[in-house]
Amino acid sequence: HPEFRYKTEFQSHEPEFDYLKSLEIEEKINKIRWCQAANGALFLLSTNDKTIKYWKVQEKKIKKVSEMNIGSSRVVGNGSISSSAISMSSKRGLSNGIYHSLSSDLSFPAGGIPSLRLPVVSSNETSLVARCRRIYAHAHDYHINSISNNSDGETFISADDLRINLWNLEISHQSFNIVDVKPANMEDLTEVITSAEFHPTHCNTLAYSSSKGSIRLIDLRQSALCDSHSKLFEEVEAPGARSFFTEIIASVSDIKFSKDGRYILSRDYMTLK
């Protein structure tokens, strides 16, 4: 069994309040997705109900002054100068516009200083530091249920109940709506989007699942707004098998491509398929 060791932790989201809709936004994280690592740093996307954040987690060396240019008797603690050395500031005098900061506390040797040593800065310890690179907000009217980064390393998608948006990692103020299942009349709404996932190798292909138990495969090369799907995966309902719980049980909560992209694993209320 692999052994997991604690590395670090950081606060990704804080509780917010949408004043326009009088809606409290929880700090609860819905999804986390790893992005491509670069220069020894880890990158990840995290999202709550409304806001997506792009994080950089990197090891940084802690720099400390290890050697000072004064004797050890003048140094206390972590490289700081003792109070006897600082007390010279109270003995400063002004003569012909020039400050004299030398005092009896810091006296030069009779033969002068043989060599001037500069303070030495050393970095022996390292700590993991998390920094938020970008914030992608104000693009979803409904709660975000999934995010998925693309194999091209430049884009990712975010999905809520009715829409899927395409983002560029470098651009946080603009996204493109690629799937919209919202009807003109909300009373005609029969299903919602429950999950969305990019293909692991084909950057133009993605799949999304619905509350009716269907999975749709779409190709971004077909059109700017992917109203139609390339392939539909669903189980035909047996005649007379419909009941009050049918739609609850059939709803696909999550989907995942296999590593080679040949298979899709889906999870509904009762089973994995």
Exercise. Which heavy atom of Ser209 sits nearest a heavy atom of Thr194, and at what distance?
Worked result: OG-OG1, 2.7 Å
Problem set entry | Same apolar cluster (I L V M F W Y, side chains within < 4.5 Å links), Phe257/Val252 | yes
Seminar exercise, completed: Closest non-hydrogen atoms of Ala41 and Lys56, given as atom of the first, atom of the second and distance, are CB-CE, 3.8 Å
Exercise. Under 30°, 30 to 60°, or over 60°: which ring-plane class applies to Phe17 and Tyr19, parallel, tilted or perpendicular?
Worked result: perpendicular
Exercise. Yes or no on salt bridge (Lys or Arg N to Asp or Glu O under 4.0 Å) for Arg216 and Glu234, after CA distance, side-chain angles and deciding distance?
Worked result: CA-CA 9 Å; Arg216 292 174 173 84; Glu234 65 178 352; over 6 Å; no
Exercise. Out of curiosity, Tyr54 OH to Glu170 CD, how far, rounded to the nearest 0.5 Å?
Worked result: 7.0 Å
Problem set entry | Working for side-chain contact (heavy atoms from CB on, under 4.5 Å), residues Ile62 and Thr126 | CA-CA 6 Å; Ile62 302 171; Thr126 59; over 6 Å; no
Exercise. Side chains of Ser251 and Lys212: closer than 4.5 Å at any heavy-atom pair?
Worked result: no
Exercise. Is there a side-chain contact between Leu162 and Val192 (heavy atoms, below 4.5 Å)?
Worked result: yes
Exercise. Pick one: which of Asp49, Thr47, Asp161, Asn30 meets side-chain contact (heavy atoms from CB on, under 4.5 Å) with Asn145?
Worked result: Asp161
For this session: Mind listing the closest non-hydrogen atom pair of Ser172 and Arg134 along with its distance?
Result: CB-CB, 4.3 Å
Exercise. Taking side chain as C-beta onward, heavy atoms only, is Leu225 less than 4.5 Å from Asn177?
Worked result: yes
For this session: Answer yes or no: is there a donor N or O on one side and an acceptor on the other, between the side chain of Asn165 and the main chain of Ala139, under 3.5 Å?
Result: yes
Problem set entry | Residues, nucleotides or ligands: over 12 heavy atoms within 6.0 Å of Gln11 CD | yes
Problem set entry | Trace of the side-chain contact (heavy atoms from CB on, under 4.5 Å) decision for Asn150 with Cys203 | CA-CA 6 Å; Asn150 201 345; Cys203 60; 3.2 Å; yes
Problem set entry | Polar contact flag, side-chain donor to acceptor under 3.5 angstrom, Ser151-His202 | no
For this session: Answer with yes or no whether the hydrophobic clustering places Ile164 together with Leu166; edges join I, L, V, M, F, W, Y residues whose side-chain heavy atoms lie under 4.5 Å apart.
Result: yes
Exercise. Could you walk me through whether Glu154 and Leu169 pass the side-chain contact (heavy atoms from CB on, under 4.5 Å) check?
Worked result: CA-CA 6 Å; Glu154 296 180 359; Leu169 282 168; 5.8 Å; no
Problem set entry | Shared hydrophobic cluster for Ile171 and Ile135 (ILVMFWY, side-chain gaps under 4.5 Å) | no
Exercise. What distance separates Leu265 CG from Ile255 CD1, expressed to the nearest 0.5 Å?
Worked result: 10.0 Å
Seminar exercise, completed: Looking only at heavy atoms, the pair that brings Ser46 and Ser12 closest together is OG-OG, 2.7 Å
For this session: Could you check Cys226 against Leu220 for side-chain contact (heavy atoms from CB on, under 4.5 Å), going step by step and ending with a plain yes or no?
Result: CA-CA 7 Å; Cys226 302; Leu220 297 177; 4.0 Å; yes
Exercise. More than 12 foreign heavy atoms under 6.0 Å from CE of Met270: is that the case here?
Worked result: no
Exercise. Within a strict 4.5 Å, meaning less than it, do heavy atoms of the Phe156 and Leu45 side chains meet?
Worked result: yes
Exercise. Would Ile193 end up clustered with Ile218 when hydrophobic side chains under 4.5 Å apart are linked, directly or stepwise?
Worked result: yes
For this session: Indicate yes or no for a side-chain donor-acceptor contact from His13 to the backbone of Glu26 under 3.5 Å, with no hydrogens or angles considered.
Result: no
Exercise. Can you tell me if Ser258 uses its side chain to pair, donor with acceptor, with the backbone of Tyr263 under 3.5 Å?
Worked result: yes
Exercise. Is any NZ, NE, NH1 or NH2 atom of the basic residue among Asp268 and Lys273 found under 4.0 Å from an Asp or Glu carboxylate oxygen of the other?
Worked result: yes
Problem set entry | Gap between atom OG of Ser175 and atom NE2 of His138 - 0.5 Å precision | 12.0 Å
Exercise. What pair of heavy atoms forms the shortest contact from Glu59 to Lys7, and how long is it?
Worked result: OE2-NZ, 4.3 Å
Exercise. More than 12 foreign heavy atoms under 6.0 Å from OH of Tyr269: is that the case here?
Worked result: no
Problem set entry | Any side-chain heavy-atom pair of Phe43 and Trp34 under 4.5 Å | no
Exercise. Could you give the distance from CD (Gln222) to CD1 (Ile178), rounded to the nearest 0.5 Å?
Worked result: 12.0 Å
Problem set entry | Basic-acidic side-chain contact under 4.0 Å: Asp141, Lys182 | no
Seminar exercise, completed: dist Ile25:CD1 -> His143:NE2 (nearest 0.5 Å) comes out at 7.5 Å
Exercise. In terms of hydrophobic clustering (I, L, V, M, F, W, Y; side-chain heavy atoms under 4.5 Å; direct or indirect links), are Leu189 and Val179 co-clustered?
Worked result: yes
Exercise. Salt bridge check: are Lys61 and Glu125 linked by an N-O gap of less than 4.0 Å?
Worked result: no
Exercise. Do the non-hydrogen side-chain atoms of Leu23 and Lys50 ever get within less than 4.5 Å of each other?
Worked result: yes
Exercise. What is the distance from atom OG1 of Thr51 to atom CD1 of Ile29, rounded to the nearest 0.5 Å?
Worked result: 12.0 Å
Exercise. If you look at every heavy atom in Pro15 and Glu27, which pair is closest and at what distance?
Worked result: CG-OE1, 3.3 Å
Problem set entry | Heavy-atom side-chain contact between Lys28 and Asn48 under 4.5 Å | no
Exercise. Within 45° of the ring axis of Phe233 and under 6.0 Å from its six-membered ring centre, is that where the NZ or CZ of Lys231 lies?
Worked result: yes
Exercise. Using the ring of each side chain (for Trp, its six-membered ring), is Tyr136 parallel, tilted or perpendicular to Trp167, with breaks at 30° and 60°?
Worked result: perpendicular
Exercise. Quick one: are Thr205 and Phe198 in side-chain contact, heavy atoms under 4.5 Å?
Worked result: no
